Amino acid sequence: MLAGPPPSFNAGPPTQPMQQQAHPPSQMYPNQFQQPTLPPNFQGNQHQPPALPPNFQGNQQAPPAGPPTYPNMQQQQYQQQPTLPPPSSVGNQPQFPPQSHYPPDNQQLPPPTHFPLQPPAPGNQPQYPSQPPMMSNGINQPSMPQTYPNQGPPLPPPSSSSVAATSNSLRPAPITPNQFGPPPTMGVPQFPSQPSFPNQPPSNLAGMPQYPGTQPPFSGPPSTFPSANQPPPPTGYPQQQLPPQYGSQSHLSGPSTVPGSQLNGPGTYPGQMPPAPVQQQQQQQQPYQPQRIDPDMVPNVVQVLEQSQEKIQQPFITNAPGLLPPLVATDFVCQDQGSCNPRFIRSTTYTIPNAHDMIKQSHIPIALAISPLANLRPDELGPPVTNFGEIGPVRCHRCKAYMCSFMQFIDGGKRFLCCFCEAATDVPTEYFNHLDHSGRRMDWYQRPELCLGTYEIVATKQYCKDEKWPEPPAFIFMIDVSYNSVRSGLVEYICHILKTDLLDYLPKDQGAETSNVRVGFATFDKQIHFYNIKNTLGQPQMMIVSDLEDIFVPLLDGFLCLPQDSRGVINSLLEQIPQTFANTQETETILAPVIQAGIQALKGANCTGKIYLFSTTLPIAVAPGKLSNRDDKKLLGSDKEKTLLAPINNVYTKLGEECAQNGCAVDLFVFPNNYLDLATIGEVCRVSGGQIYKFNYFSIENDGERLHDELKRNFQRTTVFDALMRVRTSAGIRPIDFLGNFYMTNATEMIFGTIDSDKSVSVELKHDDKLPVESNTYIQAALLYTSISGQRRLRILTLALTVTSAYTSLYPACDLDTIMNYITKVAIRSVTMSTPKSIRDNIITQAANMLACYRKNCAQATTAGQLILPETLKLLPVYVTALIKCDALTGTQTVSTDDRSLLMQRVMSMDIKGTFAYLYPRIYALHDLDENNLPPPMIRCLYERLSESGAYVIENGLVMYIWLGSQVNPTFVQSLFGVQTGHIQPEKCRIVDLDNPISRNVRTLLNMIRNERNAHMKLFVIQQRDSIEPFFKNYLVEDKGFTGGASYVDFLYHLHREIRNILQ
Ligand SMILES: [Zn+2]
């Protein structure tokens, strides 16, 4: 469960009182939070021995008298460490000399696509009628007919569409909805200067506004329920209602009230002073007429996405530098014509500021989000594989950049000029080709490296460890067979699904007939049991290692085998393991030695691979990596939470490093009934490039399908091994900061034991020097890896950006999706170093500065009372408000310590689509699905948008809820779940495979969501006004969060005030 509702470790209802909860908590499930699937004897406290068998003799510190005897298997006890082959050297990675900095290069490339702004004459606001999507492209940039329509040619006059904010009558100028039309505006009333928001010094808090609380966040049913059959809200600003009308100016000038905020109840901001009692607030509120900001008046995600999608009429073609790609959540096709597909690399801005000062002023981070193995659409071109033969990859002799479409051939094709460092490199004889009349090589279109932004190269031996071709990777399954694991049915279930299904889904290279991934099996409790599955054996052999201090693998021959060769023995083993340990009484487990053994086994076989580790308890047995329960939920959300969320020691971090250096990773599947210290043991996954999967209180009935599906997805996604990534950039700018789950031994190279198609890293760039304006700057990410079939390859991704010295060019080139991905990761990384309040304050300050700089430099001709949002950043406030109250960051006690650690690690490896979904969950109505129109339109994350008679699904990529309105048609429930409304159980309820249109459509939709997220996601089914409904409501990010975060509308006021303070 990921940040889902509390049933896991939370023993109580939400901490926030639900003042106007109309219904008592569901009487059906009074024990919703009470250990739903505990084994009967579970004590609920990690310090106490869980559910011990009758003859248990107390806390077993001493090792058992001897190894248990197991039926059915030949056993050998190993105590002596055999001589192992020396560890393979890890020092032979290809050498990447440090990047040098050379004078910038003036390439003969297409001109940069930025357009100077012409500010309108003051007071003369141009009218922007509604325009067809192609307007900007077709009319203003005829010279670039192939330019993607969403790419932002002619920039609007920046201040033109601001809304005049007068006290009583606010009427917007007609505003185009076009993304590249005029900057959007938010008409917000003129405020007196109120120094009162969260990121201000405490001294100012005395004057903070009180938010009148007429409508607490968990009030009863919303006052209006838009029919689910209503057409979607108007899609353009021009059709919208007037901006909010506020009471007279005098009403607004009081020092302590913010109009509009009364929607959201006592609005303490995270980290702020607690709200005044409601009565007091109501008294203060009396002088003011409750006014309501129409949520349709503020920029909203659903509308922006719909409008963007409408404008996508043709493929996004990457044929010029600095092209802003479509929003990440839109459905578009990319044609690679020189720069790589944005699914591989996106930049926070496609026009880089020419000097650091612009970044300092604008606070816009210059960063890249790189997903080097991202899945493409079926109709997009995957990276072609090229082979340079014995000469190996063609590279710049100075900076070692790889050949790409932006290298310029000179001297009749005998040399090429590097687009990164401007050095000239001789073309190897084998690679020579003549140039045509325009200076292009004659084989330009035949060679992917010359015409595409993404291609792969078959590596030569110089790119392999020890100059030896790698072996195909191996998968090792290491299964906890202690009491908890056996008792819950987990051991039997894992063995069952491996035997009957999963081993048939082992990954293979494209075009390959069979997988050549070898597999190995081990089990563990306080000892490790290895299994010989050699095909010449009639039965598997078990070998026990109990010397945990200096771990070794007792068999090298027969441990890792191809399933197709040893299937009989493997099947026999998977049948015998559950029987062998069926009566185990061992409750204590080890973990670090198990991982160590997995690494040793892969090293011994001289191959890369993956360790699938299934663990149920905190490793408290005496052994290296022993941990104790240090959970203290009270610390969560406090300034001391960082100690709880940081690893207690570096044992598991070191193991992760060892994994990464040996080309393997640990995927940790945990099935806890209590605290596991994921902050510590999760380090092995973080550093190696692995992943954590968590199943609280595992039961086959509730979680079996999800475990099966997640394992299958894990096997099937594109995964590469022993990978190394380096990012090169044009002279004048360079990578300085790297975020994600990987290991680094120097300042430039990211090392991944494994990396897969779901993982992304962020790289921040910094200026060393001024970049020449009107030039381009280039980015190249090179990933060296071993494929699933054991082939050593390089994947080269190149991206061209433009450079500017004008803010009016910078802002329209921003990609908010990437900015939020980066800001989110920076914030999450800070959790173990800073305090929650200062992290949130920093985020708000950064957002306010980004908008203030725009206001100052691009929209001066507007009055001070307006909130002006640049078109590309108009969703910044809603994303920031979601970020500062998201589960991974806010650290309240509603999320368990381990779930918090899990969330933090997940977010750090998320791609942009992932962070978008995490910050702004998707909601779809389920009660009126049309099989010809799936998915249905998205619904905004506002409680008032949900109909009492409707049913909805909400998902954020990590967890999924189905919400049933209190008046939902009983037939709908029966058709979907096969039970009556009164029998819905949040965690146990499953969508049954029934043959009716409702069931078919809902299952189709949920599968679409799961496939898009490539995750099964835990599903909770809740009914309106259930006791756990607040946890569902917490995902409605435009509303006030139930742990204290402001609503979106409130936050706009906060932000506006911050901006005004900055400008003053
Ligand atoms: Zn170079």
Side-chain angles (χ1 to χ4, degrees), residues 93-109 321 338-340 345 347 352 354 368 370 372 386 388 391-433 435 439-441 444 447-457 459-460 462-463 724-736 746-750 763 765-772 775-784 794-803:
Q93 301 284 357
Q95 297 299 308
F96 293 96
Q99 168 147 4
S100 309
H101 304 292
Y102 298 97
D105 186 12
N106 280 325
Q107 299 286 314
Q108 293 176 4
L109 282 165
S339 273
C340 67
I345 304 181
S347 176
I352 302 278
N354 74 321
L368 309 166
I370 307 175
T386 185
F388 294 97
I391 61 168
V394 178
R395 307 173 70 174
C396 166
H397 78 91
R398 185 189 280 171
C399 74
K400 302 295 180 193
Y402 294 85
M403 178 55 62
C404 68
S405 66
F406 304 103
M407 301 291 191
Q408 191 193 350
F409 288 85
I410 56 172
D411 292 351
K414 287 182 191 155
R415 297 196 299 160
F416 68 88
L417 280 180
C418 176
C419 60
F420 298 94
C421 73
E422 217 184 337
T425 299
D426 291 338
V427 173
T429 319
E430 299 89 334
Y431 191 64
F432 175 81
N433 205 302
L435 307 183
R440 270 185 181 178
R441 277 172 65 118
W444 183 268
R447 287 193 168 273
E449 73 274 14
L450 297 181
C451 62
L452 296 179
T454 311
Y455 69 101
E456 294 208 336
I457 312 168
T460 52
Q462 290 77 42
Y463 293 82
L724 184 75
M725 185 155 74
R726 167 135 184 182
V727 177
R728 290 183 175 76
T729 52
S730 296
I733 194 163
R734 69 188 160 93
I736 53 149
N746 59 39
T748 53
E749 289 167 357
M750 289 168 270
V763 177
L765 305 178
K766 182 177 175 245
H767 286 73
D768 281 327
D769 209 342
K770 273 200 167 182
L771 303 174
S775 70
N776 299 314
T777 195
Y778 300 94
I779 312 288
Q780 187 175 80
L783 181 77
L784 173 66
L794 283 142
R795 178 172 287 203
I796 311 298
L797 309 162
T798 312
L799 177 65
L801 306 168
T802 52
V803 177

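For the numbers below, each heavy atom of this structure counts, side chains included, while hydrogens, waters and symmetry mates do not. Note that ligands are numbered from 1 as they come in the structure, with each ligand's atoms numbered from 1 the same way. As the structure is a prediction and not an experimental result, all values here were calculated from the model.
No donor-acceptor pair closer than 3.5 Å links the side chain of Thr802 to the backbone N or O of Pro321. Looking only at distances, a side-chain donor or acceptor of Ser405 sits under 3.5 Å from a matching main-chain atom of Gly338.
For Arg441 and Phe409, the positive end sits near the middle of the six-membered ring, less than 6.0 Å away and at most 45° from its axis.
Every salt bridge (Lys or Arg N to Asp or Glu O under 4.0 Å) that Glu456 has, sequence neighbours left out, goes to Arg793, Arg795.
Listed by chain and number, Cys396 SG, Cys399 SG, Cys418 SG, Cys421 SG are the protein N/O/S atoms closer than 2.8 Å to the Zn ion (ligand 1), with waters left out.
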Q | Criterion side-chain contact (heavy atoms from CB on, under 4.5 Å) on Glu449 and Val394, from CA distance to verdict | A | CA-CA 10 Å; Glu449 73 274 14; Val394 178; over 6 Å; no
Q) What do the steps show when you test Met750 against Val763 for side-chain contact (heavy atoms from CB on, under 4.5 Å), and what is the final call? A) CA-CA 10 Å; Met750 289 168 270; Val763 177; 4.0 Å; yes
